[in-house]
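Take a look at the structure below.
Atom set for the values below is all heavy atoms of this structure, side chains included, hydrogens, waters and symmetry mates excluded. None of the values given here were measured: they were computed from a predicted structure.
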Amino acid sequence: MAKPLVLYTAPTPNGHKVSIMLEELKAAYGNLDYDVEKINLSTNVQKEPWFIAMNPNGRIPVLVDRSHSTAAQPNGFPVFESAAILLYLVQKYDKEGKFKFESGSDEESQMLQWVFFAHGGVGPMQGQSHHFRHYAPEDVPYGKKRYGDEVARLYGVLDIGLKGRDYLVGPGAGKLSVADMNVMPWVRLYKHAGVETLDAFPNLKGWLERLLDREPVKAGLAVP
């Protein structure tokens with residue numbers, strides 16, 4: 001029997017954001033299950049017409065909610081862009097608000113600020129650092145330095161945001177939310193981006209260790 005959700009994904013930071021969120025929801029509520037369809041990015045499956053019908057941008061991840069079909073999408077409602085998927089999941093499946101905040105609250109605004117900071121900054125800049133360090137067809141020192149320096153700067157911003165806190169948003173030391181799950185899979189690959197150690201960012205380092213120690217996070221990182 002088909003499960004209510006199916007995740008089209010690959011083992012990348014953006015893919016892991018969603019699988020971690022799904023595993024956290026599963027652990028919190030016990031009644032959320034999903035299928036996984038692994039996408040082989042090297043064969044450009046994600047550019048084929050059937051995939052483009054779900055995500056015109058031709059990128060992973062894509063979540064299809066089979067419990068929500070429409071006349072236009074009889075096989076389920078597709079959601080693309082990793083941060084949008086995280087927000088969709090907590091809006092629809094986090095009924096007790098374990099990983100989100102009250103609608104219209106200051107905390108919700110702060111969560112969205114960090115989501116957009118990561119989605120527009122950390123992800124794109126770190127992706128470019130990965131490219132110039134590991135995948136560019138020629139050595140481009142300027143590209144390595146420019147994007148490596150920017151990743152380190154963005155880590156510094158996160159470090160400031162985490163001062164005296166366990167998580168990015170929430171009263172007191174904060175609580176685990178979309179804000180954390182949207183950026184952690186990128187920070188986890190700091191060495192791949194040319195940042196040899198997080199010692200200069202002690203708050204960020206402690207936060208990363210705290211998250212990586214969670215069982216749902218470990219399970220999410222094992223998908224697909």
Side-chain angles (χ1 to χ4, degrees), residues 5-26 34-48 51-65 77-93 99-100 111-136 147 150-151 154-155 157-158 168 176-195 204 207-208 211-212 214 216-224:
L5 300 170
V6 56
L7 174 62
Y8 296 84
T9 191
T12 71
N14 286 332
H16 283 147
K17 292 182 192 180
V18 180
S19 53
I20 288 170
M21 181 81 258
L22 286 164
E23 290 295 329
E24 287 285 358
L25 287 168
K26 185 195 296 188
Y34 62 100
D35 288 320
V36 176
E37 295 289 342
K38 183 176 180 179
I39 300 298
N40 186 343
L41 300 178
S42 67
T43 63
N44 272 337
V45 176
Q46 71 278 13
K47 306 299 183 185
E48 294 180 3
F51 195 96
I52 295 295
M54 298 187 296
N55 179 4
N57 198 30
R59 295 178 182 272
I60 63 95
V62 172
L63 181 81
V64 174
D65 190 340
F77 181 69
V79 188
F80 66 91
E81 285 296 322
S82 58
I85 296 172
L86 298 187
L87 293 171
Y88 177 85
L89 285 171
V90 293
Q91 287 164 1
K92 185 161 184 180
Y93 292 100
F99 306 108
K100 64 181 179 180
M111 180 184 80
L112 292 174
Q113 290 169 49
W114 284 114
V115 166
F116 287 117
F117 166 79
H119 209 66
V122 178
M125 296 301 101
Q126 189 158 337
Q128 289 296 322
S129 184
H130 290 184
H131 173 77
F132 282 109
R133 288 179 178 278
H134 304 284
Y135 310 112
Y147 292 108
E150 181 62 4
V151 168
L154 294 169
Y155 284 5
V157 175
L158 287 165
L168 284 165
L176 178 67
S177 74
V178 171
D180 304 287
M181 286 180 262
N182 188 55
V183 71
M184 186 278 288
W186 284 106
V187 178
R188 169 178 167 261
L189 299 180
Y190 62 91
K191 287 188 177 181
H192 202 63
V195 179
L204 183 64
W207 168 87
L208 179 61
L211 286 171
L212 290 175
R214 295 177 65 87
V217 170
K218 295 176 185 177
L221 289 172
V223 176

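- Using a 4.0 Å cut-off between charged side-chain N and carboxylate O, E23 and K218 make no salt bridge.
- If you take CG on L176 and NZ on K100, they are separated by 14.5 Å, rounding to the nearest 0.5 Å.
- Residue K26 places its NZ atom among more than 12 non-hydrogen atoms of other residues, nucleotides or ligands, all under 6.0 Å distant.
- Contact check for H16 versus T9: no side-chain heavy atoms found under the 4.5 Å cut-off.
- Ring centroid separation for the pair F132 and Y147 comes in under the 6.0 Å cut-off.
- In this structure the side chain of V6 never reaches within 4.5 angstrom of the side chain of V36, judged on heavy atoms.
- R59 is not listed as a side-chain neighbour of E81, based on a closest heavy-atom distance of 4.5 Å or more.
- Distance check: L154 CG to L204 CG gives 11.0 Å after rounding to the nearest 0.5 Å.
- Between V157 and W114 there is a side-chain heavy-atom pair separated by less than 4.5 Å.
- Side chains of M125 and E150 form a contact here, defined as non-hydrogen atoms less than 4.5 Å apart.
- The minimum heavy-atom distance between I39 and V45, with the atom names listed, is CG2-CB, 4.2 Å.
- Of the candidates L25, V223, V18, V223 is the only one forming a side chain to side chain contact (heavy atoms under 4.5 Å, CB included) with Y34.
- Between F77 and Y88, the ring planes are tilted. Angles from 30° to 60° get that label.
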Walk me through whether F80 and L63 qualify under side-chain contact (heavy atoms from CB on, under 4.5 Å). CA-CA 7 Å; F80 66 91; L63 181 81; over 6 Å; no
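- Using a 4.5 Å cut-off on side-chain heavy atoms (C-beta onward), N14 and P185 make no contact.
- What you find for R133 and A193 is that their closest heavy atoms are NE-O, 3.2 Å.
- For K92, the salt bridge (charged side-chain N to carboxylate O under 4.0 Å, His left out) partners at least two apart in sequence or on another chain are D65.
- Ring geometry for W186 versus H130: interplanar angle of 30 to 60°, hence tilted.
- In this structure the side chain of M21 reaches within 4.5 angstrom of the side chain of V90, judged on heavy atoms.
- Looking at L87 and L112, their side chains come closer than 4.5 Å, going by heavy atoms from C-beta outward.
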